[in-house]
Participant: 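Dropping a structure here in structure tokens format, bear with me for questions.
It should be emphasised that the depicted structure is a prediction, and the values quoted were computed from it without experimental measurement.
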Amino acid sequence: MNKRRNQCIHCNYSYCIKAGITSQNKQRYQCKKCKKKFIGNCSYRAYHKRF
């Protein structure tokens with residue numbers, strides 16, 4: 001299992017693992033604390049909470 005330090009966008013926990021790829025070949029990650037999945041670097045601006 002590949003591990004990567006990345007901050008979860010849901011709970012801000014800093015330990016996430018790789019969880020497959022999307023249909024557009026973007027890497028997905030899963031938070032080890034809240035178990036939610038997210039895309040590491042999304043190009044769709046509406047996906048980010050700050051916009």
Participant: Looking only at heavy atoms, which two atoms of Cys31 and Cys11 are closest? And how far apart?
Facilitator: SG-SG, 3.6 Å
Participant: Between Phe38 and Tyr29, how do the two ring planes meet: parallel, tilted or perpendicular, split at 30° and 60°?
Facilitator: tilted
Participant: Apply side chain to side chain contact (heavy atoms under 4.5 Å, CB included) to Lys35 and list each qualifying residue two or more places apart in sequence or on a separate chain.
Facilitator: Gln30
Participant: Can you sort out the partners of Thr22 under side chain to side chain contact (heavy atoms under 4.5 Å, CB included), two or more places apart, ordered by chain and number?
Facilitator: Gln24, Lys26, Arg28, Ile39
Participant: Rounded to the nearest 0.5 Å, what separation is found between the NZ atom of Lys32 and the SG atom of Cys16?
Facilitator: 10.0 Å
